[in-house]
Amino acid sequence: QVQLVESGGGLVQAGGSLRLSCAASGRTLSSYAVGWFRQAPGKEHDFVAGISSGGAITSYVDSVKGRFTISRDNGKNTVYLQMNALKPEDTAVYYCAADRSTVARHDPKFYGLWGQGTQVTVSS
């Protein structure tokens, strides 16, 4: 069974950057597509970015295109989310999740494995 652990969250000023990591243990992550989701207080899990199992196909929600970059290093069993030009509206708990599909889907219901989340707070 794969376990996912996120890290890299924190408090940053608007315009700043953070890099989130999603490390897998217990089994290789290379056969899973991985998505990053975020959840603001009182809201559902919203898709942010996804990457295919091989890393060739990525997708993003419109609000983060050009600012966020998802990548993966299957040798390190880790997926990253580089977040630049952060805005206060990016504030949320960020989760990584694994999907047995080869291409990351946007609906969180397809993801069977979730990390515990990491808080990202962007101050204005």
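Note: hydrogens, waters and symmetry copies are ignored here, and every other heavy atom, side chains too, is used. Numbers here simply count residues along the sequence, with the first being 1.
The cationic group of Arg72 does not satisfy the cation-pi geometry with Tyr80, failing either the under 6.0 Å distance to the six-membered ring centre or the 45° limit from the ring axis.
Checked options Val61, Thr58, Leu81; the residue passing with Phe68 is Leu81 (criterion: side-chain contact (heavy atoms from CB on, under 4.5 Å)).
In plain terms, the two heavy atoms of Thr91 and Gln119 that are nearest each other are CG2-NE2, 4.1 Å.
Taking hydrophobic clusters as Ile, Leu, Val, Met, Phe, Trp and Tyr residues chained together by side-chain heavy-atom distances below 4.5 Å, Val34 shares a cluster with Tyr60. Each of Leu113 and Val93 belongs to its own hydrophobic cluster when Ile, Leu, Val, Met, Phe, Trp and Tyr are linked at side-chain heavy-atom distances under 4.5 angstrom.
Between Cys22 and Trp36, the closest side-chain pair of non-hydrogen atoms falls below 4.5 Å. Within the 4.5 Å cutoff, the side chain of Ser52 has no heavy atoms near those of the Thr102 side chain. Here the side chains of Val48 and Ile70 are not in contact, with every heavy-atom distance at 4.5 Å or above. Looking at heavy atoms from C-beta onward, Ile57 lies out of side-chain contact with Ile51 at the 4.5 angstrom threshold.
By the 4.0 Å N-to-carboxylate-O rule, Lys65 lies close enough to Asp62 to be salt-bridged with it.
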Q | Candidate pair Tyr32 and Arg100, rule side chain to side chain donor-acceptor pair (under 3.5 Å), full reasoning | A | CA-CA 5 Å; Tyr32 295 80; Arg100 288 191 174 274; 3.3 Å; yes

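Tyr111 contributes a side-chain N or O that, together with a main-chain N or O of Arg105, makes up a donor-acceptor pair within less than 3.5 Å. No donor-acceptor distance shorter than 3.5 angstrom exists from the side chain of Ser30 to the backbone of Thr28, with no hydrogens or angles considered. Put simply, the side chain of Gln39 never gets that close to the backbone of Asp46: no donor and acceptor are under 3.5 Å apart.
The closest side-chain donor-acceptor pair between Ser17 and Asn84 falls under 3.5 angstrom.
Between Phe37 and Phe47, a ring centre-to-centre spacing shorter than 6.0 Å is recorded.
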